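Only one structure is covered here, and it is reproduced in the block below.
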Amino acid sequence: MVSLDASQMTTRELNSQIKELAANGTGKITISNPAARHNIAVGILTECEIEIEGSVGYYVATLLDGPRIKIDGNAGWALGENMMSGSISLTKSAGASVAASMRGGEMFIGGDAGARAGISMKGGTLIIGGDSGFLTGFMMQKGRIIVCGDVGDAAGDSMYEGTIYCGGEVGTLGADAKIEESTEGELIEIWSLLEANGISERPHFRKIVSQKNLYHYDEQERHERPLI
Amino acid sequence: MVLGSNQIWAPWVVDDIHAKADLGRYRIRGMSTHQKVTHFDDLTFLSTGLTRFPLEGYKEQCNTAVSLGGLNAENPLELDIPIYITGMSWGALSANAKTALGKAASMAGTASCTGDGGMLPAEREASDKLIYQVLPSRYGLNPNHMATAQAIEIVVGQGAKPGTGGLLMGVKVQDDVAISRDLPVGVDQRSPARHPDWLGPDDLAIKIEQLREATDWKVPIHVKLGACRVADDVKLAAKAGADGIVIDSMVAGTGASAEILLDHSGIPTVPAIVLAREALREIGLYRKVSLIASGGIRNGADVAKALALGADACAIGVAALIALNCNRDIPESNFEEEIGLPAGSCNRCHTGKCPVGIATQDPELTKRLDPDEGAERVANFLNSMTMELALLTRSLGKGDVKSLEPEDLAALTIEASIMAQVPLVGTNKVFGN
Ligand SMILES: Cc1cc2nc3c(=O)[nH]c(=O)nc-3n(C[C@H](O)[C@H](O)[C@H](O)COP(=O)(O)O)c2cc1C
Ligand code: SF4
C-alpha cells in the first residue's frame, strides 16, 4: 500500500504518481487531503485499488478502465464520467451528472445524487442510496440506474434503452418515458446488489423505461431539394 | 400566376412547402447551405510587382509546415501542410471512406479526425496523426482510444447545425455502427446538443484540465465552435484553456442536418476568421492559441486566404469527400436511379444510399469505394491544394505560408471589405472600419 498526501502535490503530480503506481502493480493507493480538488484519478487504464480520504471536486475518478475506487466524502460534478469498467463507491452525496456517459462497471452513491444522474449512460450499473435529481437518465442508452429514494422531475427523458429503478416517488416523467412494474427476478437482483453495498432495506422498485415513440421520425423524407 | 419570376414564391419555395405539407416535419439533408454568402472568391491577392519581388514558383522553397496547439501540450500537432481532414463520423461515412481519409492524411503528412461515433480502428491504423473528438453524445468514447490520439477536439458546435446535436438516420445506424454507439439498431439517432458533464465556460475549463490529465498534458486540446457569436465564444474557449480553436462556419458541410439550420444559422467563414483573430488578439492569445478555420475550403486559394486572414490551418470535409468521388458518375453508380438526382446534384448523404460508397453503411454500396484508390485521390488533392497554396505564397514574395497576412488581400465587394477588414479593390478604404 502507498499513501499519497494530495496537499503536498499538484493535481498533475498526483495523477502521474497514481498512474505510475498503478502501472507498477501497486495493490492499494491511499490519497489523503483531497480538499475537494477537481480531476483526481483521471484516465487510469489499469486495474488498481484507490481510496480517497475526504470530499472531492469535479471529474474525480473519470475516464477509467479497471480501477476500484472508494471515496469517503462527497463528490462534485461528473463523478465516474465515462467509466469503462471497475467500480466506484462514494460514502456521501454526488453533484450533477454522476456517471455521465458511463459504459461499464458499477458505481455506488451512499447519499443523494444531483441533476442528470446517469445522463447518456451507455452501460454498467449506477446505484444511488438516496434520491436523485432532475433529468435522471436523460438520453440514457443502456445500463441501469437504481435509485433507492425519489427520482426528480423529467425522469428518463428521451432515453433509448436501459432502465431506471425507483424505490420511492417519481417526480414527473420525461418525454417518451413510462413507468412499469419490476419483475420479481429484477427485484431479487436489485436487493442483492443493495445488500452487497451495505443496504439492508428492501424497497419495492418500479422501473422507468422508454416508450420508444421517439425512435423514429414519423415520416421519412420523400422530396429533396436538388443541390443547384 | 407565373411563379418562376416571383421573388417570394420562387419554384423551390413552393416545392419546399409542398414537401413539408407531405412530411409534417422539418426537412433534413446533407452537404451545406444553399444561401449565397460572402466567401473567399470575394477576396483577391495583391501579388508582387515593383514594391516587392516574387519567389521562383518551382525552385525556391516555400515552407508549408505548421505546428498547432503548442500552448500547453508537450507534443503539439506538427503538420507538413496547413490543411487536415475534419471530423466526419464513422456512421455518416462508411468504414472504407474513413480508412481512405486517414490514409490520405498520412500520405500528405497531415492529420485526420474521428467524429461523432467513436474511433474506427482501421482509421487509427491508417492515420499517423489522429485527432480524437469528444462530442456531447460521447458515442463510442473510449479512454483507451483517446490515449492514442495526437490531439483532442471538444466539439461545442458545428457550423452546419450550430446549437444542435448530430443526426444519423436509422438506415445508417446498423451493425458495428450501432454497437459502437451503444444504440438500438435502426433508430433515428438525434444526438444531444449539450455535453452531459459540463454546461458553461467555467465547467469547460475544468473539463479541459480533465482531458489534459487523461492524456498526461502531452497532446493539444482543441475546442470546435459553430461560428455564431464568434468573438465571445472564442474568448471564452481560449480563457477556458483551449490550445486551439476550430471555427466552423455556416457554409460547413454535414452528413445530415435540418435544412432550416443549414440555411438560417451561423455566419460565413470570412468574417468568422476575422472575428476570431481579433478576439484572440484582444486577450493577448493570437498566435498562441491556434486558430483553425473550416467551412467551404475548396482549393489552395481558399486556404491561402484563410491563413492570410489569420487562421493557422484549415480543416476540410466536403472537398475531401468530392476527391473521394462524391457526386462523380463512376461506372458502378446510377445516380438517377439510386438516389433520384444526377451526379453533381446530390446532397443525400443522410439517406445512406450513397451511389459511390462514401456516405453509406450498405455493404454492397460500400464496395464501390476502394480505400487505397480513394486515399490516393484524396492525397493527390491535398498535394494539389498545397501546391496552389505555395504558388500563391511565392507569388506574394513569401517563403512561408505563416507569413501570409491581411495586407496581401483586397476585397472585390464592399461586403467582403467590411467582413474581411481589407481594402476594397481600387481604393485604399477598408469599409466599415
Ligand atoms: C459527412 C459529414 C459528416 C460529419 N460528421 C461530423 C462529426 O461527426 N463531428 C463533427 O464535429 N463534425 C462533423 N461534420 C462537420 C465537419 O467536421 C466540418 O465541420 C465541415 O465538414 C467543414 O466544412 P466543409 O465540409 O465545407 O469543409 C461532418 C461533415 C460531413 C460532410
Ligand atoms: S454522392 Fe454520396 S457523399 Fe456525395 S452527396 Fe451524394 S450521398 Fe453524399
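Quick caveat, the model's predicted, so the values are computed rather than measured. Within every chain, numbering begins at 1; the chains are lettered A, B, ... in the order of the sequence lines, protein sequences first and strands thereafter.
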**Request:** Any chance you could lay out the salt bridge (Lys or Arg N to Asp or Glu O under 4.0 Å) test for B:D216 and A:R12, step after step, and finish with the verdict?
**Result:** CA-CA 8 Å; B:D216 301 325; A:R12 192 174 170 183; over 6 Å; no
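Of the two parts of B:L167, only the side chain, counted from C-beta on, holds a non-hydrogen atom closer than 4.5 Å to a non-hydrogen atom of chain A. Residue B:K207 touches chain A through both its backbone and its side chain, counting heavy-atom pairs closer than 4.5 Å. For B:R190, the parts sitting under 4.5 Å from any heavy atom of chain A are the backbone and the side chain alike.
Under the salt bridge (Lys or Arg N to Asp or Glu O under 4.0 Å) criterion, B:K161 pairs with no residue, sequence neighbours left out. For B:W90, there are no ring pair (Phe, Tyr, Trp, His ring centres under 6.0 Å) partners, not counting sequence neighbours. Taking B:Y139 as the reference, nothing meets the ring pair (Phe, Tyr, Trp, His ring centres under 6.0 Å) condition, with sequence neighbours excluded.
A donor-acceptor pair is defined here as one N or O able to donate and one able to accept, closer than 3.5 Å; such a pair exists between the side chain of A:Q141 and the backbone of B:D182. Side-chain atoms of A:Y215 never come within 3.5 Å of backbone atoms of B:Q189 as a donor-acceptor pair (strictly under, hydrogens ignored).
Identified by a heavy-atom distance below 4.5 Å to chain B, the contributing residues of residues 115-131 of chain A are A:R116, A:I119, A:S120, A:K122, in residue-number order.
Top candidate by heavy-atom pairs under 4.5 Å with chain B, chosen from A:R103, A:M84, A:K212, is A:R103. Heavy-atom pairs under 4.5 Å with chain B peak, among A:V98, A:L135, A:N82, at A:N82.
Atoms CE and CZ, on A:M102 and B:R138 in that order, are 15.0 Å from each other to the nearest 0.5 Å.
Of all the heavy atoms in A:L45 and B:N144, the pair that sits closest is CD1-OD1, 3.6 Å.
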